[in-house]
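Predicted, not measured: the structure shown is a model, and the values here were computed from it.
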Amino acid sequence: MNGGSLGLRTGSYGLLQNINRAIAGGEISKSLSNVRKSSTKMLSGIREKERPLPNAWYRYIGCRKFSMLLLIAFALLVFALGSFVVNKACPVCYLPVDQAIASMPSSSSASPVLHNLTYVLNENPIKSEPHGGSDFGGYPSLKQRNDSFDIKESMAVHCGFVKGSKPGHGTGFDFDESDLAELQQFHDIIVASAIFGNYDIIQHPQNISEEAKKNIPFYMFVDEETEAFMKNRSILSSSKRVGLWRIVVIHNVPYSDARRNGKVPKLLLHRIFPNVRYSIWIDGKLQLVVDPYQVLERFLWRQNANFAISRHYRRFDVFVEAEANKAAGKYDNSSIDEQVDFYKKEGLTPYSEAKLPITSDVPEGCVLIKEHIPITNLFTCLWFNEVDRFTSRDQLSFAIVRDKIMTKVDWSINMFLDCERRNFVIQSYHRDLLEQMPPPVPAVVRRPPALPNTRGKTPGKRIPRRGRDRRSGSRRHRKAAASNREQFLLNAV
């Protein structure tokens, strides 16, 4: 959810976006032309060398559709290979649900050094320095920012919601009174997600145990635009429930950019849910397909960790990630350069083996698994402050916040493989892509041929059909199927 255009994300859809750029630049047209030229030359050679072949073979090879079918076959191969490389999941060993529940710690983990964390309140925040920021974030000065990384036993830091008496009440990012009471309740575990700007379609969790359905609430935050769409489509009723999701409508969103608004619940769940022990955040485009107890046991409890996030599937260096964001038009290039230059001056260096056992400086970021204790709450507060001050591309600010905290206290993050993340969440397309795709082609129902009229003819003998008539139906079917595949590829890319 960046502050720039609402264009396509790269991430797992890098292949689609590259093809879109190729279409815009005329590269697909050039490729089609080259394929046709190559096909013409090849066919010419074939005609010279293979004259003894039957006429039917010439008709097949000389078909105008041959070059297009060749291109489609190549595109399908590239798409399949790209999907396999980008979207592959690797096996993950989960305990049975009852054993996972039994593994949940009976008390909270110890928070190193920091034991008491409070938050800055300011009814009239004033921007005093020429940097980014917002009323919602409170415009912390550079001195306040630097002081927030000096870890002490008791700290007060900026962490959004600076106005109002409590989060969600006159602060921007406000909740209905009935929701405020709900969000104050105690829960061992919650699952949360969000859709802003009507950008995604609700994904329904699967394989959720009865214990989880009974004990773990699922919260979906939406803005008024998304709420209106859901009511229009009769997806949302007065019950405020859609499947397992309890819908929480946000009023007075603090940012004009829907993606930036999504960073509020993503990074500040501990402020919205002050009485929760563990949370699993998943982006709106993801479908959870493994029980929350099993996810927490595998990535937190078994690892003796209190914060877990997957590494980026391809990039592990912030500087490379910044260039990828610029190339993909994720945010204004000058703002990305300003942020990266700022971090360079603070000592951020390209990733190297010298950082081991840290394995990556770039997270995938669409899933956060967290125990709500002071040190992890501080981490996400300071991470949010960077998103509020600079670009909303949270992959760029993750490492600087993590490293500054780790230099002060004995604390680390479980950065697991992204293919492991893909084992428990399935990634879907955003709404704009889904609406561009054609509906699936209905299956062809094959009916048995009508019995021939045998009156006056010798019983037991079939009337032979002409070869051309016999093949015409299947030929028309192949032609229609090829046309549908062509149209789908052009629309999808």
Side-chain angles (χ1 to χ4, degrees), residues 1-4 9-15 17-18 21 82 85-86 88 131-132 142 145-146 148-151 259 263 266-267 305 307-368 376 378-422:
M1 299 185 180
N2 62 18
R9 302 184 188 183
T10 46
S12 301
Y13 309 119
L15 178 63
Q17 191 169 25
N18 290 340
R21 288 201 298 272
V85 171
V86 172
K88 65 180 180 181
H131 296 282
L142 286 176
R145 175 185 178 273
N146 293 336
S148 68
F149 290 107
D150 185 15
I151 314 299
R259 292 179 178 175
K263 306 300 180 185
K266 175 177 180 177
L267 299 177
F307 195 94
I309 189 171
S310 67
R311 313 170 205 170
H312 195 278
Y313 69 97
R314 179 181 297 161
R315 296 182 286 276
F316 48 86
D317 184 282
V318 173
F319 300 96
V320 176
E321 175 67 14
E323 291 304 313
N325 275 254
K326 288 162 60 178
K330 293 301 191 75
Y331 208 89
D332 175 67
N333 286 5
S334 62
S335 298
I336 292 176
D337 289 337
E338 179 186 351
Q339 181 175 7
V340 172
D341 288 343
F342 185 93
Y343 292 161
K344 277 184 184 177
K345 292 174 183 176
E346 289 202 318
L348 182 67
T349 58
Y351 181 83
S352 68
E353 291 183 358
K355 281 202 168 187
L356 291 173
I358 293 174
T359 53
S360 176
D361 283 346
V362 182
E364 176 54 38
C366 55
V367 172
L368 306 182
T376 59
L378 175 69
F379 170 70
T380 51
C381 280
L382 302 188
W383 190 7
F384 173 81
N385 290 346
E386 298 298 292
V387 167
D388 186 55
R389 177 184 292 273
F390 295 109
T391 73
S392 61
R393 304 305 300 165
D394 53 32
Q395 295 97 329
L396 301 181
S397 49
F398 169 83
I400 195 76
V401 178
R402 177 201 63 191
D403 293 353
K404 281 177 173 288
I405 292 178
M406 287 178 61
T407 60
K408 297 288 186 177
V409 297
D410 182 16
W411 177 76
S412 62
I413 290 173
N414 175 21
M415 293 192 75
F416 53 91
L417 294 173
D418 192 60
C419 66
E420 294 178 301
R421 174 187 66 82
R422 294 178 187 278

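Under the side-chain contact (heavy atoms from CB on, under 4.5 Å) rule, Val387 has a single partner from Asp394, Val401, Leu396, which is Asp394.
The side-chain hydrogen bond (donor to acceptor under 3.5 Å, both in side chains) test applied to Glu346 returns Arg145, not counting sequence neighbours. Judged as a side-chain contact (heavy atoms from CB on, under 4.5 Å), and not counting sequence neighbours, the contacts of Leu417 are Arg311, Cys419, Glu420. Scored by the side-chain contact (heavy atoms from CB on, under 4.5 Å) test, Phe319 finds Asp317, Val340, Lys344, Leu348, Pro350 as partners (sequence neighbours excluded).
Closest approach of Ala322 to Ile336, counting heavy atoms only: CB-CG2, 3.8 Å. The heavy-atom pair separating Tyr313 from Glu364 by the smallest distance is CD2-OE1, 3.7 Å. For the pair Leu378 and Ile151, the tightest heavy-atom approach, listed with the atom from each and the gap, is CD2-CD1, 3.3 Å. Of all heavy-atom pairs spanning Val367 and Ile309, the tightest one is O-CG1, 3.6 Å. In terms of heavy atoms, Ser360 sits closest to Met415 at O-SD, 3.4 Å. Between Arg421 and Cys366, the closest heavy-atom pair is NH1-SG, 3.3 Å.
Taken to the nearest 0.5 Å, the OG1 atom of Thr391 stands 10.0 Å off from the CD atom of Glu338. Atom CZ of Phe379 sits about 8.5 Å away from atom CG of Leu267, to the nearest 0.5 Å. Atom CD1 of Ile405 sits about 6.5 Å away from atom CZ of Phe149, to the nearest 0.5 Å. One finds the CZ atom of Phe390 at 5.0 Å from the OH atom of Tyr343 (value rounded to the nearest 0.5 Å). Separating the CG atom in Asp388 from the NZ atom in Lys263 is a distance of 12.5 Å, to the nearest 0.5 Å. The line from CD1 of Ile400 to CG of Leu382 is 12.0 Å long, rounded to the nearest 0.5 Å.
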Evaluate the criterion salt bridge (Lys or Arg N to Asp or Glu O under 4.0 Å) for residue pair Asp418 and Arg422; output intermediate values, then yes/no.
-> CA-CA 6 Å; Asp418 192 60; Arg422 294 178 187 278; 3.0 Å; yes
Evaluate the criterion side-chain contact (heavy atoms from CB on, under 4.5 Å) for residue pair Val362 and Tyr351; output intermediate values, then yes/no.
-> CA-CA 9 Å; Val362 182; Tyr351 181 83; over 6 Å; no
Candidate pair Arg402 and Asp361, rule side-chain contact (heavy atoms from CB on, under 4.5 Å), full reasoning = CA-CA 9 Å; Arg402 177 201 63 191; Asp361 283 346; 2.6 Å; yes
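Counting heavy atoms from C-beta on, the side chains of Asp403 and Ile358 come closer than 4.5 Å. Counting only heavy atoms from C-beta outward, the side chains of Glu323 and Val320 never approach each other to under 4.5 Å. Within the 4.5 Å cutoff, no side-chain heavy atoms of Glu321 are placed close to those of Phe398.
No more than 12 heavy atoms of other residues, nucleotides or ligands sit less than 6.0 Å from atom CG of Asp410.
Side-chain contact check for Tyr331 and Gln339: no donor-acceptor pair (N or O, by modelled atom type) lies under 3.5 Å.
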